[in-house]
Each structure stands twice: as structure tokens, then as C-alpha cells.
Amino acid sequence: MLKTIIQASENFCIHQIRAPHVLSDAITKTRTLIAYIDIDTQSGQKHRVYIASDSKFMQRVSKLFLEEDESDEETLIDMTLETANLIIGSAKVIAEEANENTYTIGTPHFEKFDIFDFEYDQAKLLQIEDDTLIVAIKELRN
């Protein structure tokens, strides 16, 4: 599942931001805007997918979509929610096209603007220049 979410994240960097990116396992401990979306797989598993970015990454997104050079915190939060929705929605389509562990997605929720300190099963970091985006996934057990 992380594979399709990372593919969607990379597609976002390539096709929306149009900038080269580097993928790594090193999760930063810097202040990030953190949103999540819960997903339910066809096999009955539930996962929480976190999208966490530094404010510079989200300002880059805000400039792209809203043409704002300097967005306020509320706008960056909205862009975080929208980015989570775009990436996870795209990953859902990728999984459906590959007929690979398909799932439904919930509504994005903003968690906090702080250090990413949530438990996760898998995570990757995408970096564009000095801007970072963390994608992490955690299985939710009943």
C-alpha cells in the first residue's frame, strides 16, 4: 500500500510541483504541518496515512495553486489537507488500476503543526531542494 501512496506522492512532485525530488527513509524531526486520512481496504484492514510537510513545502504548493507568495498558517493548513486528499486520492486510483489492495478513503483531518512524533509502520521522506514531505502509514487495530 505504501508503494502506491509513494508513487502518487512522486507523481505530485513531478506533475504538479514540476521539480526534481529525492526519496529517502530518513524522517526529519522538524516542525511540520500534519494531516491524515483513514483508509479501509477491501480486505477489511484499516490504516491511517499521514502527510506531514515543513511550511516551505506547503508554501510551494500554495504558490502553485493559489499564487500566494506568503500564505498565512490557516492557508497552509488548508493546503496540507488538499495535498493529502490529492495524494491519497491519486494512490487509490493507482491501486484500483493495478487491482492491488484497493481501498476507500475518508476525509482528511488536520492534526497539528509540530514535530512528526506519531507511531507508524512504514514511512518515506520526499525532498525537493530543502523542502520536505513525510508520508507515513499505520495500521489501525480494532
Side-chain angles (χ1 to χ4, degrees), residues 1-66 68 70-142:
M1 180 177 310
L2 183 64
K3 182 180 117 185
T4 59
I5 297 168
I6 292 302
Q7 183 180 347
S9 301
E10 289 183 302
N11 288 347
F12 183 79
C13 291
I14 294 165
H15 300 293
Q16 299 297 322
I17 299 177
R18 297 178 188 247
H21 65 280
V22 175
L23 189 63
S24 73
D25 294 324
I27 304 306
T28 59
K29 291 292 183 188
T30 57
R31 194 162 188 247
T32 55
L33 295 141
I34 305 165
Y36 70 86
I37 295 180
D38 289 341
I39 60 177
D40 296 316
T41 66
Q42 195 171 27
S43 63
Q45 294 176 304
K46 295 179 183 291
H47 294 84
R48 179 160 289 171
V49 180
Y50 294 98
I51 301 291
S53 74
D54 60 21
S55 57
K56 293 183 302 179
F57 185 96
M58 215 39 71
Q59 180 58 55
R60 186 185 288 261
V61 174
S62 184
K63 173 74 173 164
L64 175 72
F65 290 120
L66 304 176
E68 290 186 358
E70 199 168 325
S71 300
D72 60 20
E73 189 171 313
E74 185 177 327
T75 301
L76 294 178
I77 289 170
D78 289 344
M79 288 291 93
T80 302
L81 292 166
E82 186 59 30
T83 299
N85 208 31
L86 287 168
I87 289 172
I88 306 308
S90 175
K92 177 183 181 293
V93 172
I94 292 168
E96 286 171 355
E97 289 175 351
N99 199 20
E100 189 176 293
N101 201 14
T102 59
Y103 50 86
T104 58
I105 64 175
T107 304
H109 298 276
F110 184 76
E111 187 65 39
K112 64 181 180 175
F113 187 15
D114 204 347
I115 293 172
F116 183 80
D117 57 0
F118 296 97
E119 288 185 26
Y120 57 87
D121 298 321
Q122 298 174 294
K124 291 287 185 184
L125 178 93
L126 280 96
Q127 189 162 349
I128 297 176
E129 296 169 1
D130 291 332
D131 307 344
T132 59
L133 176 74
I134 297 168
V135 178
I137 188 166
K138 173 72 177 158
E139 183 176 354
L140 302 175
R141 304 193 193 283
N142 296 337

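- Of all heavy-atom pairs spanning F116 and K29, the tightest one is O-NZ, 3.5 Å.
- For the atom pair OG1 of T83 and CD of Q16, the computed distance is 9.5 Å after rounding to the nearest 0.5 Å.
- Contact check for I94 versus N11: side-chain heavy atoms found under the 4.5 Å cut-off.
- A salt bridge between D25 and K124 is present, with a side-chain N of the basic residue lying under 4.0 Å from a carboxylate O of the acidic one.
- Heavy atoms from other residues, nucleotides or ligands lying under 6.0 Å from CD of Q42 number 12 at most.
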Evaluate E10 against I6 for side chain to side chain contact (heavy atoms under 4.5 Å, CB included), listing each step before the verdict. CA-CA 6 Å; E10 289 183 302; I6 292 302; 4.0 Å; yes
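- Under the side chain to side chain donor-acceptor pair (under 3.5 Å) criterion, T75 pairs with D72, not counting sequence neighbours.
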Are I134 and T28 close enough, and set up right, to give a side chain to side chain contact (heavy atoms under 4.5 Å, CB included), and what steps lead you there? CA-CA 8 Å; I134 297 168; T28 59; 3.9 Å; yes
Using the rule given for side chain to side chain contact (heavy atoms under 4.5 Å, CB included), can you reason through F65 versus E82, listing the C-alpha separation, both sets of side-chain angles and the distance that settles it, and then say yes or no? CA-CA 10 Å; F65 290 120; E82 186 59 30; 5.6 Å; no
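- With a 4.5 Å cut-off on side-chain heavy atoms, L140 and D38 count as touching.
- For the residue pair T32/D54, the side-chain donor-acceptor check at 3.5 Å is not satisfied.
- Rounding to the nearest 0.5 Å places NE2 of H47 at 8.0 Å from CZ of R141.
- Here K56 does not pair with E129 in a salt bridge; the nearest charged N to carboxylate O distance is not below 4.0 Å.
- The two residues L76 and S55 come nearest to each other via the heavy atoms CD1-CB, 4.2 Å.
- Interatomic distance, CD of Q122 versus NZ of K138, reported as 11.0 Å (0.5 Å rounding).
- A donor-acceptor pair under 3.5 Å is absent between the side-chain atoms of S53 and the main chain of F57, judged by distance alone.
- Side-chain contact check for H21 and Q127: no donor-acceptor pair (N or O, by modelled atom type) lies under 3.5 Å.
- In this structure a side-chain-to-backbone donor-acceptor pair under 3.5 Å is present from S9 to I5.
- The distance from the CE atom of M58 to the CG atom of L133 is 6.5 Å, given to the nearest 0.5 Å.
- For I34 against A52, the heavy-atom pair with the smallest separation is CG1-CB, 3.8 Å.
- Side-chain contact check for V135 versus I51: some heavy-atom pair is nearer than 4.5 Å.
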Does the pair F12 and I17 meet the rule for a side chain to side chain contact (heavy atoms under 4.5 Å, CB included), with working shown? CA-CA 7 Å; F12 183 79; I17 299 177; 3.7 Å; yes
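- To the nearest 0.5 Å, atom CD of residue E97 and atom NZ of residue K92 are 11.0 Å apart.
- Under the 4.5 Å side-chain criterion, counting only non-hydrogen atoms from C-beta, V49 is in contact with I39.
- Residues meeting the side chain to side chain donor-acceptor pair (under 3.5 Å) test with K112, sequence neighbours left out: D117.
- The shortest side-chain heavy-atom distance between H109 and I37 does not fall under the 4.5 Å cut-off.
- E73 is linked by a side chain to side chain donor-acceptor pair (under 3.5 Å) to nothing, counting only residues two or more places apart in sequence or in another chain.
- Residues Y120 and F118 keep their aromatic ring centres 6.0 Å or farther apart.
- For A91 against A8, the heavy-atom pair with the smallest separation is N-CB, 3.5 Å.
- The main-chain N or O of E139 is found under 3.5 Å from a side-chain atom of D121 such that the two form a donor-acceptor pair.
- The side-chain heavy atoms of L126 and C13, taken from C-beta on, include a pair separated by under 4.5 Å.
- Put simply, the side chain of F110 reaches to within 4.5 Å of the side chain of I77, judged on heavy atoms.
- A side-chain donor-acceptor contact under 3.5 Å links E68 and S71.
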